[in-house]
Structures are given as C-alpha cells and as structure tokens.
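A quick write-up on the structure given underneath.
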Amino acid sequence: ERAEQLGGDNSILGALTVQTAVAAYTGREQLARQMSTRAMDTAARCGAHRTAEVTTMMLAFLEVSLGRHAEVLGVLDGILATFSVTPTGTEIISAMFIPDAVESLVALGRAADAEPLIAALEANGARLDRPWMLAVGARCRAMMFANGGELDAAERAARRAMVEHDRLPMPFEKARTRLVLGQILRRRRQKQAA
C-alpha cells in the first residue's frame with residue numbers, strides 16, 4: 001500500500017519482490033507466482049534487472065521447495081551463466097540461489113556442475129568469515145558427500161554447518177540443514193538421532 005501511495009515503478013518493484021519472498025517462504029505457490037510475474041513485468045518496464053534477479057531467486061526457492069529440481073535450473077539459467085563468469089560474488093544478496101542450485105544439481109545427478117558453486121561459498125566464507133556462506137557451503141558439501149556415498153564426511157560437513165548456523169539468525173536455513181543432517185543420519189541407520 002505504501003509503495004502504491006508513493007508511486008513509481010521502483011517503489012512498486014520493491015514491494016512486489018518482498019511479497020514474492022513472503023509468499024514463497026509461507027508456501028503460497030499461486031500468490032508467489034502472481035507476485036513474481038508482476039515484479040518481473042515492473043522490473044522490465046523500469047530496467048531494474050538486478051532487482052529482478054532477487055525475484056528470480058525467490059522463484060528458484062519456490063521450485064526447490066516443491067521438489068521441482070529441473071525447473072529450478074530453468075529458472076536460474078541466466079544467473080548461473082553469469083556466475084560462471086564471476087564466481088567471486090557469493091554475498092547473500094546476489095547468491096542466495098546457490099544452495100537451491102546445488103540441491104537441484106545434486107538431485108539431478110550433476111554433482112560436477114555443483115562443485116564450483118560449493119567451492120566458491122567455502123572459499124569466500126572462510127576468507128571473509130561470513131556465517132551464511134560457511135553454513136550453506138557446508139550444507140551443500142554435505143549433500144555432495146552424501147550423493148557420493150561418503151556418509152562419514154557428509155555428517156561431518158552437516159555438523160559443521162550446524163555450528164555456523166549458531167552465528168546466523170536464519171532459522172529457516174538452519175531447518176534446511178537439520179533436514180539434510182537427518183537424512184544423512186537415517187542413511188547411516190541412526191534412526192533415533194535422525
């Protein structure tokens with residue numbers, strides 16, 4: 001409402017982007033898709049391509065939440081192509097898509113394509129001491145190890161991610177890591193711990 005009162009595409013775009021994120025995180029698929037379409041149209045109209053990327057990342061999150069891994073990669077195609085050219089950009093604002101891309105790549109049997117994304121998170125997280133990069137990088141590494149059947153290494157990586165989550169006020173991300181850890185423990189036949 002405030003954005004509409006202020007007027008202008010930039011105000012509206014910010015509001016639509018936030019509405020897309022809230023709808024995606026609360027599982028309201030249709031609303032997320034409606035808001036994202038409006039946001040993308042507004043971004044195109046005012047030339048705000050970087051802001052449109054946030055909406056694209058929210059759509060990828062929605063698709064991964066629905067278990068639609070091929071669709072995730074379709075949504076992220078342009079962003080992934082750009083990332084391969086400049087792999088140093090792993091701050092959350094421009095790289096919140098990486099965990100969703102990695103999860104999808106691993107699920108689709110394309111672990112080798114996920115490796116540079118994981119390596120960038122790990123290296124930049126260590127260099128800059130960024131809890132988000134370290135937490136999701138370790139979670140992604142755990143998925144990669146588990147995919148290769150290296151369950152001991154996968155559990156260690158997932159537990160390392162949980163330690164980093166203690167420095168990160170993002171309970172949803174921590175829950176995603178707990179889910180990965182639980183899946184690993186179940187595969188290791190530690191059903192009670194899982």
Side-chain angles (χ1 to χ4, degrees), residues 20-21 24-25 27 29 32-33 36 40 49 52-127 130 132-162 164-165 170 172-188 194:
T20 301
Y25 272 92
E29 179 184 359
R33 292 188 191 287
S36 69
M40 295 294 206
H49 305 292
E53 285 183 358
V54 176
T55 302
T56 300
M57 291 180 222
M58 288 296 99
L59 278 177
F61 167 76
L62 177 67
E63 296 294 3
V64 84
S65 299
L66 296 169
R68 299 166 42 119
H69 299 292
E71 287 81 356
V72 170
L73 299 181
V75 167
L76 292 175
D77 187 48
I79 294 174
L80 285 169
T82 303
F83 183 82
S84 68
V85 175
T86 58
T88 56
T90 56
E91 294 291 353
I92 191 169
I93 192 65
S94 61
M96 67 179 91
F97 71 93
I98 292 178
D100 302 327
V102 168
E103 184 174 331
S104 296
L105 288 164
V106 170
L108 294 171
R110 295 176 51 192
D113 293 333
E115 178 58 37
L117 299 170
I118 299 168
L121 282 173
E122 291 171 332
N124 292 336
R127 181 174 57 86
R130 296 285 199 271
W132 178 79
M133 289 182 213
L134 293 167
V136 298
R139 178 175 78 218
C140 290
R141 182 61 66 195
M143 287 187 280
M144 182 78 97
F145 281 137
N147 181 65
E150 300 176 61
L151 298 181
D152 289 342
E155 182 180 346
R156 283 192 302 275
R159 291 194 185 282
R160 190 170 60 251
M162 291 302 295
E164 292 301 332
H165 278 296
M170 297 178 76
F172 198 92
E173 288 296 327
K174 187 173 188 174
R176 288 179 74 180
T177 300
R178 279 189 176 166
L179 180 61
V180 169
L181 177 58
Q183 292 166 340
I184 293 165
L185 293 173
R186 190 172 345 111
R187 284 182 62 189
R188 296 191 72 203

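We use all heavy atoms of the structure for the numbers below, so side chains are in, but hydrogens, waters and symmetry mates are not.
Residues Asp100 and Val75 have side chains not in contact (no heavy-atom distance under 4.5 Å, counting atoms from C-beta outward). Considering only heavy atoms from C-beta on, Leu73 stays 4.5 Å or farther from Glu63 through its side chain. A heavy-atom distance below 4.5 Å is not found between the side chains of Thr20 and Met40. Residues Phe83 and Thr90 form a side-chain contact, since some pair of their non-hydrogen atoms from C-beta on lies under 4.5 Å apart. Side-chain atoms of Phe145 and Asp152, non-hydrogen and from C-beta on, never get closer than 4.5 Å to each other. In this structure, Met96 and Glu91 have side chains that are not in contact, with every pair of non-hydrogen atoms separated by 4.5 Å or more. Arg178 has its side chain within reach of Lys174: a pair of non-hydrogen atoms, C-beta onward, lies under 4.5 Å apart. Inter-residue side-chain proximity for Glu173 and Val136 is flagged as met; some heavy-atom pair is nearer than 4.5 Å.
Gly89 approaches Ala95 most closely through the heavy-atom pair O-CB, 3.6 Å. Residue Arg139 comes nearest to Pro99 through the heavy atom pair NH2-CB, 3.3 Å, listed as atom of the first residue, atom of the second, then distance. Across every non-hydrogen atom of Ile118 and Gly137, the tightest pair is CG2-O, 3.9 Å. Taking every heavy atom of both residues into account, Val72 and Ala60 meet most closely at CG2-O, 3.6 Å. The shortest heavy-atom contact between Ala101 and Leu80 is CB-CD2, 4.1 Å. In terms of heavy-atom proximity, Met143 sits nearest to Val102 at CE-CG1, 4.3 Å.
With rounding to the nearest 0.5 Å, the separation of CD in Glu103 from CD1 in Ile98 is 14.0 Å. Atom-to-atom distance recorded for Asp113:CG and Glu115:CD is 10.5 Å, nearest 0.5 angstrom. Between the CG atom of Leu59 and the CD atom of Glu71 there is a distance of 12.0 Å, given to the nearest 0.5 Å. Distance check: Arg141 CZ to Glu150 CD gives 9.5 Å after rounding to the nearest 0.5 Å. One distance of note links CD of Glu164 with OG1 of Thr177; it measures 11.0 Å at 0.5 Å rounding. Between the CE atom of Met162 and the CG atom of Leu181 there is a distance of 7.0 Å, given to the nearest 0.5 Å.
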Review point. For Glu29 and Arg33, what are the C-alpha separation, side-chain angles and deciding distance, and is it a side chain to side chain contact (heavy atoms under 4.5 Å, CB included)?
Key: CA-CA 6 Å; Glu29 179 184 359; Arg33 292 188 191 287; 3.1 Å; yes
Exercise for review: Start with the C-alpha gap between Leu117 and Leu121, add the side-chain angles, then the distance that decides, and say whether side chain to side chain contact (heavy atoms under 4.5 Å, CB included) holds.
Suggested key: CA-CA 6 Å; Leu117 299 170; Leu121 282 173; 5.9 Å; no
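Ionic pairing of Glu155 and Arg159 is present here: one or more N-O contacts between side-chain nitrogen and carboxylate oxygen are shorter than 4.0 angstrom.
Between Tyr25 and Phe61, the ring planes are parallel. Angles under 30° get that label, and only those over 60° would be called perpendicular.
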